[in-house]
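These notes concern the structure reproduced below.
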Amino acid sequence: MTTLALAGRNIAITRPPDQAEKLQALIAAEGGETVLFPLIAIVPLQDYGRFEAVVDGLSSYDWIIFISTNAVQYGMPRLVARGLPAGLRFAAIGPVTAAELANFGVTDVLIPHARFDSEALLALPEMQDMRGKRCLIVRGVGGRELLAKTLAERGAEVTFAECYQRFNPQNDAGLLQSLWQNRALDALVVTSSEAMRNLLALASDDLQGPTNSSWLRNTIICVNHARIAEEAAQAGLHAHVADAPGDVAMLQCLIRALNLST
């Protein structure tokens, strides 16, 4: 009889609940148990006046760049409703975001082909000579400035179209600590740098204590990007990085990391 790869394992997923369903199902199929502990909540803006004002001039842009699937989900319905101008070129931070654009009928999307982040997008030939180009970056409120700053340095005129906001819905890490103390927490899934920073802030007192009694230091952390692992490393933690974006790759990362721990 074949033993399921995650039988008896307990895994906390820190994504918003509506973004965790597929990974939950994959973990359950391998015998694992999951608990949701969202470290980021995605909510619409209270006022879309600024967003609508910016996209009123959509026909004057050369490129529209989507930072995340959330940017597509919250931005594209409003853009499609007003009509997408011919000749507008689309770019996305990676294949998962591009797949979300395909749900709106946009299939010709520039994406990087290795590491999926601003740096990789900026390394593409199409993003080099941006003199005289107008670029619209669709994102949540706040976030990294590297993409806009670099495109501007290359000659582009860059505007943000912010269409959602994020916040940390957790007040403390007591649930996770309690699960670990009761031997019901083996691994954590963290899929954004902001979520990792929120986790570290909640666990700051725990990280100051002895290593052998620290629930976070003794829980496997799996992430989907090297930059998130770097955030963890700055706090003295080691994170396992999935080989590719998407839930299947994260499942394999969990299986490898947990098998190494046995």
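Side chains are part of it too, since the values below use all heavy atoms of this structure and drop only hydrogens, waters and symmetry mates.
Residues meeting the side chain to side chain contact (heavy atoms under 4.5 Å, CB included) test with Ala232, sequence neighbours left out: Met196, Leu237, Ala239. Residues that satisfy the side-chain hydrogen bond (donor to acceptor under 3.5 Å, both in side chains) test with Glu33, not counting sequence neighbours, are absent from this structure.
With Glu162 contributing its side chain and Gly142 its backbone, the two residues share a donor-acceptor pair below 3.5 Å. Glu157 places no side-chain N or O within donor-acceptor distance of the main-chain N or O of Ala152, the cut-off being under 3.5 Å. Judged purely by atom type and a 3.5 angstrom limit, Asp247 has no side-chain atom pairing as donor or acceptor with the backbone of Lys22. Under the 3.5 Å distance criterion, the side-chain polar atoms of Ser204 are matched with a main-chain donor or acceptor of Ala201. Thr219 places a side-chain N or O within 3.5 Å of a backbone atom of Trp215 that can act as its donor or acceptor partner. The backbone N or O of Asn10 sits less than 3.5 Å from a side-chain atom of Asp186, completing a donor-acceptor pair.
Between Glu30 and Arg9, none of the side-chain N atoms (NZ, or NE/NH1/NH2) sits under 4.0 Å from a carboxylate O, so this pair counts as no salt bridge. Ion pairing between a basic and an acidic side chain is recognised when a charged N comes within 4.0 Å of a carboxylate O; Arg78 and Glu52 show such pairing. A salt bridge links Arg139 with Glu145: the closest approach of a Lys/Arg side-chain nitrogen to an acidic carboxylate oxygen falls below 4.0 angstrom. A salt bridge is absent between Asp206 and Arg217; no separation between the charged side-chain nitrogens and carboxylate oxygens falls under 4.0 Å. Using a 4.0 Å cut-off between charged side-chain N and carboxylate O, Lys133 and Glu126 make no salt bridge. Ion pairing between a basic and an acidic side chain is recognised when a charged N comes within 4.0 Å of a carboxylate O; Glu231 and Arg227 show no such pairing.
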The test is side chain to side chain contact (heavy atoms under 4.5 Å, CB included); show your working for Val72 and Asn103 and say whether it passes. CA-CA 10 Å; Val72 178; Asn103 292 332; over 6 Å; no
What's the verdict on side chain to side chain contact (heavy atoms under 4.5 Å, CB included) for Leu216 and Leu199, showing C-alpha distance, side-chain angles and the deciding distance? CA-CA 9 Å; Leu216 186 53; Leu199 174 65; 4.1 Å; yes
Please walk me through it: do Asn198 and Thr14 pass side chain to side chain contact (heavy atoms under 4.5 Å, CB included)? CA-CA 10 Å; Asn198 289 343; Thr14 64; over 6 Å; no
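Residue pairs that meet the salt bridge (Lys or Arg N to Asp or Glu O under 4.0 Å) test with at least one member in residues 166-183, sequence neighbours left out, are Arg166-Glu194.
No continuous path of ILVMFWY side-chain contacts below 4.5 Å connects Val241 to Val96, so the two sit in separate hydrophobic clusters. One hydrophobic cluster, built from ILVMFWY side chains closer than 4.5 Å, holds both Leu179 and Val190.
Counting non-hydrogen atoms of other residues, nucleotides and ligands closer than 6.0 Å to CD of Gln128 gives a total above 12. Asp18 CG: more than 12 foreign heavy atoms inside a 6.0 Å radius. No more than 12 heavy atoms of other residues, nucleotides or ligands lie within 6.0 Å of CG in Asn171, so this atom counts as exposed by the packing criterion. At most 12 heavy atoms of other shown residues, nucleotides or ligands fall within 6.0 angstrom of atom CZ in Arg50.
Taking the side chain as every heavy atom from C-beta outward, Phe66 and Val106 never approach each other to under 4.5 Å. Two residues are said to be in side-chain contact when any heavy atoms from C-beta on lie closer than 4.5 Å; Met127 and Trp63 meet this criterion. Using a 4.5 Å heavy-atom threshold, the side chains of Arg256 and Asp243 count as touching. Side-chain contact between Gln73 and Ile42: absent, with no pair of heavy atoms (C-beta onward) separated by less than 4.5 Å. Contact check for Ile221 versus His238: no side-chain heavy atoms found under the 4.5 Å cut-off. With a 4.5 Å cut-off on side-chain heavy atoms, Arg82 and Val55 count as touching. Residues Leu23 and Ile11 are not in side-chain contact: their nearest non-hydrogen atoms beyond the backbone lie 4.5 Å or more apart.
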